[in-house]
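Accompanying notes for the structure given below.
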Amino acid sequence: MKSSYSREKLTLVNELIYEIKIKEAMTKNVIFFDENVTFREIQLKLKEKKISGVPILDKKKNIVGIVSIDDIITAFDKNYIDDKITNYFTREVVTAPQNFSVVYAIRKFEKYRVGRIPVTESLNTRKIVGIITMSDILNRLLIEVQSIAEKVKDEEAKDGKISNRILEKVSKKRLRFEVKADDFNNAGRVASITKKYFQNLGVSKEIIRRIAIVCYEAEMNICLHSLGGHITVEVDNNNAVVCAYDRGPGISNIELALTPGYTTASEKIRALGFGAGMGLPNIQHCADKFEIKSSLKTGTLLKAIINLGEKNETK
Amino acid sequence: MKLSKIIEKCKLEKVVYEGDCEIKAGYCGDLMSDVMAHAEPDSIWITIQAHKNSIAVALVKDIKAIVFTNDITIEGDVIKKAREENINLLRTKENSFNICGEIYCMMEGKTDTD
């Protein structure tokens, strides 16, 4: 009992890093400077506030650069500590938008090995609204996990249905995957990630397999037969809902397309083992409910619903 | 039947071997969606399609081992993906018909004198 409880908490962290937004974890009172400052002044501020770096902002709070302890050490070493930072500071800065999930920031920390990431108002603006470090993210995670653990403890006392509560908490997260046309190399990743997602939710193996087949065939269809599109996967009322959208060219005869063995695949695609004409029939067979709509103008929309079965599956 | 026994008796080359496991069924097919529709979990799959998508299919269907036939060349990225995803990759100089015959007889307990 105890070990499955901690396993649930661990996978919960995984879900939470997608759910928690950067703006919820970041520090809003940003300590910053403008270009007309010396390294010495920055050094004194870093020491006073016990921080390791500051963004350099213009009058409109747009980011123009960043200065960190490393830069200060270099300034001491090369003897320009009392100079203005103008000619020396780093102008290429790693930033993140406040509305993205913290997982985006975590990936940037891993990739660029910076100590802090200034947070922009939105994806295409340079205006800074906060700053985030790994400790900020960890602090926020601890708060969330603690509050969930407390809720769970209360529920445990009430009626003993633990998994239900956690299921409801994480089911709000919707997965979304962009699928590019002709991207054979990456094909299959939607099924693979979705499979792990439902394994985390404790769904039975047989049901996960059906969901994975639906995702795989939907992804391959977008990849092989369309101009590109995206797939969303979410949990709604104990059902897995998989929606696949593409931008075209559309299906002229849906009934024909649903016929097993019918394919419009080219020679090149068939040489790779695709084009068996079983994609849509496979999806129909695996889903509890299936809808498909298409127009030659806007593209195709496919929706498959798979019931997740009994909750609180024991493995 | 144990995978190690099939590998030994049929003299399959171990390209990626992540460990022994129980094989409950087999399937032969070169069309992805056909395998998607009909292969069983914990099975061995015989095919000539030695590319990354075969790994993706094996993952979705819980296929434990893939046998690539006709001594086909297997690219590095396929091997890498198989290792990451824990899918056993085997290879044989035989063609699909012959190797299927051998594996089928082994698993069904028949010999060629029957």
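A note on names: the letters A, B, ... follow the listed sequences, proteins ahead of strands, and every chain is numbered from 1.
Within a 6.0 Å radius of CD in E22(B), other residues, nucleotides and ligands contribute more than 12 heavy atoms. For E255(A), the CD atom sits in a loose shell: 12 or fewer heavy atoms of surrounding residues, nucleotides or ligands are nearer than 6.0 Å. Other residues, nucleotides and ligands contribute at most 12 non-hydrogen atoms within 6.0 Å of the NZ atom of K180(A). Residue Y18(A) qualifies as open at atom OH: its count of foreign heavy atoms under 6.0 Å is 12 or below.
Taking all atoms of both residues into account, the shortest heavy-atom contact from K195(A) to V60(B) is NZ-O, 4.2 Å.
For the pair L59(B)/Y216(A), no side-chain contact is recorded, criterion being any heavy-atom separation below 4.5 Å from C-beta on.
Contacts with chain A (heavy atom to heavy atom, under 4.5 Å) involve these residues of residues 23-42 of chain B, listed by number: D30(B), L31(B), M32(B), S33(B), D34(B), M36(B), A37(B), P41(B).
Contact annotation for K81(B): only side-chain heavy atoms (C-beta onward) come within less than 4.5 Å of a heavy atom of chain A.
In this structure, CG on L272(A) lies 6.5 Å from CD on Q49(B), to the nearest 0.5 angstrom. With rounding to the nearest 0.5 angstrom, the CD1 atom of I55(B) is 12.0 Å from the OG atom of S192(A).
Ranked by non-hydrogen atom pairs under 4.5 Å with chain B, the options M278(A), H285(A), R189(A) are led by M278(A). By number of non-hydrogen pairs under 4.5 angstrom with chain B, the leading residue of G273(A), G188(A), C215(A) is G273(A).
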